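Please read the structure below before turning to the comments.
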Amino acid sequence: APRGGGSAGGMTLEEKVKRILDDIMERLPDLFPLQELFERTQEELTPYTSVFLQECERMNNLLFEMKRSLVELDLGLKGDLGMSEAMEALMYSLYDDKVPTAWNKVAYPSLRGLTTWLADALARQRQLEGWTADLALPKVTWLAGFFNAQAFLTAVMQVTARRNELPLDRLTTITDVTKKMTADEIEAISRDGAYVSGLFMEGARWDTSTGMMEDSILKQLYCPMPVVLIKAAMMDKGGQRDSFECPAYKTLTRNPVDGKPTGGYIFTAGLKTKQSANKWILAGVSLFMDVES
């Protein structure tokens with residue numbers, strides 16, 4: 001990519017960056033009114049409410065940093081501020097369609113380029129905004145849209161433990177894959193556990209007609225999973241029969257991203273299969289949350 005005074009399609013680097021910057025600024029939503037949300041939730045603070053409040057707070061940190069750095073760069077491009085190293089780094093990231101390092105530090109692990117990353121970030125914000133309307137657990141939660149998916153799974157266990165007076169440390173996550181492919185098909189919130197979406201399978205596919213794992217179809221790298229009901233139950237020493245303990249990860253690297261230890265493993269889903277678990281282990285079958293579709 002041409003740097004410095006080079007031009008791209010008749011535009012200088014600065015002009016192109018200014019256009020991208022204005023476009024992002026226009027699309028950025030307002031920060032969440034955290035104080036107001038805290039006050040509205042004090043009456044009935046459930047484990048789910050705590051998770052969503054935490055998510056709103058983290059989303060605010062990200063949106064704040066995005067806005068702050070873009071306003072600063074805008075002043076730099078106009079010549080009203082001296083260009084610092086951080087501003088230059090941001091400028092080249094925007095030009096190269098890369099997620100700026102400063103944003104990544106306060107964001108979630110992601111391997112996307114800036115354009116699809118931004119669309120994904122705005123979708124995450126919309127889920128949280130939807131929640132702020134009535135502060136109730138959504139019918140289906142887009143688990144992949146969370147900064148901290150583990151916290152949501154823990155909340156499922158906390159709610160179950162409280163309701164049934166069970167010891168939290170003896171509970172484990174149970175995954176029940178529904179036959180519904182989209183959240184719209186789910187009629188009501190689950191009385192036990194929580195419906196989640198946003199998972200993809202690699203190395204195999206989920207067959208909704210049999211309700212089991214099957215061989216993947218050629219050329220389909222990532223098979224979208226139906227809506228999954230996440231429940232909590234007491235650990236049993238035998239483990240589930242006819243099931244494969246499938247690891248779920250945040251990003252396709254399966255490793256931490258940008259030094260974030262949370263970049264990798266989230267939980268293990270017990271998935272029904274009539275075939276040997278060894279077959280799926282050898283095929284490296286896993287579930288992932290952040291897959292560009």
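None of the values given here were measured: they were computed from a predicted structure.
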### Message
If you apply the rule side chain to side chain contact (heavy atoms under 4.5 Å, CB included), what do you find for Ile230 with Thr141, and how did you get there?
### Response
CA-CA 11 Å; Ile230 302 269; Thr141 300; over 6 Å; no
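- By the neighbour-count criterion of 12 heavy atoms within 6.0 Å, atom NZ of Lys179 is densely surrounded, having more than that number from other residues, nucleotides or ligands.
- Open room surrounds CD on Glu187; 12 or fewer heavy atoms of other groups in view lie less than 6.0 Å from it.
- Of all heavy-atom pairs spanning Pro29 and Gln125, the tightest one is CG-CD, 3.5 Å.
- Rounded to the nearest 0.5 angstrom, Thr49 OG1 and Gln54 CD are separated by 12.0 Å.
- Ring pair Phe52/Trp131 is parallel by interplanar angle, where below 30° counts as parallel and above 60° as perpendicular.
- The number of heavy-atom neighbours closer than 6.0 Å to CZ of Phe38, taken from other residues, nucleotides and ligands shown, is above 12.
- Looking at heavy atoms from C-beta onward, Asp30 lies out of side-chain contact with Leu63 at the 4.5 angstrom threshold.
- In this structure, Asp242 and Lys272 have side chains that are not in contact, with every pair of non-hydrogen atoms separated by 4.5 Å or more.
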### Task
Apply the test side chain to side chain contact (heavy atoms under 4.5 Å, CB included) to residues Asp74 and Lys18: give CA-CA distance (whole Å), side-chain angles for both, the deciding distance (0.1 Å), then the verdict.
CA-CA 7 Å; Asp74 199 27; Lys18 170 73 174 145; 2.9 Å; yes
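- Contacts of Arg19 classified as side-chain contact (heavy atoms from CB on, under 4.5 Å), with partners at least two apart in sequence or in another chain: Met11.
- The backbone N or O of Met59 sits nowhere less than 3.5 Å from a side-chain atom of Arg124 that would complete a donor-acceptor pair.
- Between Thr132 and Cys56, the shortest heavy-atom distance links the atoms CG2-SG, 4.4 Å.
- The shortest heavy-atom contact between Asp184 and Lys139 is O-NZ, 4.4 Å.
- A distance of 7.0 Å separates CG in Leu28 from CG in Leu118, rounded to the nearest 0.5 Å.
- Pairing each heavy atom of Met157 with each of Leu171, the nearest pair is O-CD1, 3.5 Å.
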### Message
side chain to side chain contact (heavy atoms under 4.5 Å, CB included), that's the test. Do Asn148 and Arg58 meet it? Break it down for me.
### Response
CA-CA 10 Å; Asn148 186 355; Arg58 294 184 73 168; 3.9 Å; yes
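- Val196 and Met181 fall into different hydrophobic clusters, where Ile, Leu, Val, Met, Phe, Trp and Tyr side chains are chained together by heavy-atom contacts under 4.5 Å.
- Cluster membership check: Leu168 shares its hydrophobic cluster with Met234, using side-chain heavy-atom separations under 4.5 Å among Ile, Leu, Val, Met, Phe, Trp and Tyr.
- Residues meeting the side chain to side chain donor-acceptor pair (under 3.5 Å) test with Thr172, sequence neighbours left out: none.
- Note on ring orientation: taking the six-membered ring where Trp is involved, the planes of Tyr108 and Trp117 are parallel (angle under 30°, cut-offs 30° and 60°).
- Ser50 and Leu45 make their closest contact through OG-CG, 4.0 Å (heavy atoms, listed as atom of the first residue, atom of the second, distance).
- Ile24 and Leu13 end up in the same hydrophobic cluster when Ile, Leu, Val, Met, Phe, Trp and Tyr side chains are linked at under 4.5 Å.
- Rounding to the nearest 0.5 Å places CD of Glu36 at 8.0 Å from CD of Glu39.
- To the nearest 0.5 Å, atom OG1 of residue Thr115 and atom CG of residue Asp120 are 12.5 Å apart.
- Taking the side chain as every heavy atom from C-beta outward, Met212 and Asp207 never approach each other to under 4.5 Å.
- The shortest distance between side-chain heavy atoms of Lys279 and Thr273 does not fall below 4.5 Å.
- Considering only heavy atoms from C-beta on, Gln150 comes within 4.5 Å of Lys250 through its side chain.
- Between the side chain of Glu65 and the backbone N or O of Val106, no donor-acceptor pair lies under 3.5 Å.
- Put simply, CE on Met201 and CG on Leu287 are 5.0 Å apart, with the number rounded to the nearest 0.5 Å.
- For Asn164 (side chain) and Leu166 (main-chain N/O), no donor-acceptor pair under 3.5 Å exists by modelled atom type.
- Contact check for Met91 versus Ile20: no side-chain heavy atoms found under the 4.5 Å cut-off.
- If you check the side chains of Glu72 and Ser69, you find no donor sitting under 3.5 Å from an acceptor.
- Counting all heavy atoms, side chain and backbone alike, Pro109 lies closest to Thr251 at O-CG2, 3.6 Å.
- Val177 places a side-chain heavy atom less than 4.5 Å from the side chain of Leu271.
- Although no hydrogens or angles enter the test, the distance criterion places a donor-acceptor pair under 3.5 Å between the side chain of Asn60 and the main chain of Phe32.
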#### Entry: side chain to side chain contact (heavy atoms under 4.5 Å, CB included) assessment of Met213 paired with Trp206
CA-CA 5 Å; Met213 293 171 66; Trp206 185 264; 3.9 Å; yes
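- By the 4.5 Å heavy-atom criterion applied to side chains, Leu143 and Ile266 are not counted as neighbours.
- Under the 4.5 angstrom side-chain criterion for Ile, Leu, Val, Met, Phe, Trp and Tyr, the cluster partners of Tyr195 are Val140, Ile186, Val227, Leu229.
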